Amino acid sequence: QKEVEQNSGPLSVPEGAIASLNCTYSDRGSQSFFWYRQYSGKSPELIMFIYSNGDKEDGRFTAQLNKASQYVSLLIRDSQPSDSATYLCAVNQGGKLIFGQGTELSVKP
Amino acid sequence: ETGVTQTPRHLVMGMTNKKSLKCEQHLGHNAMYWYKQSAKKPLELMFVYSLEERVENNSVPSRFSPECPNSSHLFLHLHTLQPEDSALYLCASSQVRGANTGELFFGEGSRLTVL
């Protein structure tokens with residue numbers, strides 16, 4: 001079983017729609033969770049982090065965490081073509097940041 | 001200056017060559033990392049240095065040799081590599097290393113091709 005699992009996509013949504021990106025993790029003891037965005041040919045950059053169960057909102061982005069289900073998600077409201085990128089889920093396991101393979105998001109004008 | 005800089009950005013080497021990748025961070029961070037990114041695979045953690053001490057070596061082959069002379073500089077020495085080592089090598093830094101550490105600042109990467 002992969003430690004951090006994401007659907008590789010591509011996920012295609014129309015401009016203005018909500019994009020929903022999902023991630024599951026295997027280590028039940030994980031305490032901190034992160035979403036990175038990676039544009040093609042660029043390095044990853046942190047966009048959200050969440051530590052507690054529930055929702056955390058930052059502008060058009062909402063991170064959701066359900067530790068019982070070992071599930072973390074990222075919602076992007078009012079998606080824009082500039083949001084087209086690969087989104088990497090990362091989980092801190094024992095001080096090591098473990099990444100999923102990423103979900104490619106394409107927002108069509 | 002950008003936060004984390006890596007050189008060279010592109011490197012082509014033969015299997016018998018010896019080369020080095022360099023990383024420098026200007027953020028005053030205490031932890032530095034090497035990650036390997038291959039197509040369609042998750043980022044793989046290779047090495048972690050905290051306060052210039054290697055604290056993690058993720059079962060990386062000995063043909064990769066890291067060096068951290070101070071908290072601002074990190075090197076990855078390469079020798080007798082294999083074609084499957086071709087990948088993007090990313091350096092990152094963080095303020096500290098711990099259970100909630102997840103805010104990594106990445107360099108732009110060094111694209112390595114082994115012929």
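As the structure is a prediction and not an experimental result, all values here were calculated from the model. A note on names: the letters A, B, ... follow the listed sequences, proteins ahead of strands, and every chain is numbered from 1.
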Check: Are Val60(B) and Met15(B) linked, directly or through other ILVMFWY residues, by side chains that come within less than 4.5 angstrom of each other?
Finding: yes

Note to self: What part of Tyr35(B) gets within 4.5 angstrom of chain A, counting heavy atoms only: side chain, backbone, both, or neither?
What the structure shows: side chain

Checklist line | Connected via hydrophobic side-chain network under 4.5 Å: Tyr39(A) and Leu74(A) | finding: no

Check: Do Ile76(A) and Val13(A) share a hydrophobic cluster, counting only Ile, Leu, Val, Met, Phe, Trp and Tyr and linking them when any side-chain heavy atoms are less than 4.5 Å apart?
Finding: yes

Run the side-chain donor-acceptor check on residues 107-115 of chain B: report pairs under 3.5 Å with partners two or more places apart or on a different chain.
{"unit_1": "Ser110(B)", "atom_1": "OG", "unit_2": "Pro8(B)", "atom_2": "O", "d": "2.6"}

Item checked: Residue, of Thr86(A), Leu97(A), Ile98(A), that accumulates the most heavy atom pairs under 4.5 Å with chain B -> Leu97(A)

Next item on the list: Following the transitive rule for hydrophobic clusters with a side-chain heavy-atom cut-off under 4.5 Å over Ile, Leu, Val, Met, Phe, Trp and Tyr, establish whether Phe75(B) and Leu88(B) coincide in one cluster.
Entry: no

Check: Given that the side chain runs from C-beta out, which part of Glu44(B) has a heavy atom under 4.5 Å from chain A: side chain, backbone, both or neither?
Finding: neither

Next item on the list: Could you tell me which portion of Phe33(A) (side chain, backbone, both or neither) has an atom closer than 4.5 angstrom to a non-hydrogen atom of chain B?
Entry: neither

Margin query: Show the nearest heavy-atom pair for residues Lys41(B) and Gln101(A), with the distance to one decimal.
Written below: C-CB, 4.2 Å

Checklist line | Heavy-atom pairs under 4.5 Å with chain B, option from Gly102(A), Ala90(A), Ser30(A), Gly100(A) with the top count | finding: Gly100(A)

Notebook entry, point to check: Got Pro44(A) and Leu43(B) here, is their nearest side-chain heavy-atom distance under 4.5 Å?
Noted result: yes

Margin query: So for atom NZ, which belongs to Lys56(A), do other residues, nucleotides or ligands contribute more than 12 heavy atoms lying within a distance under 6.0 Å?
Written below: yes

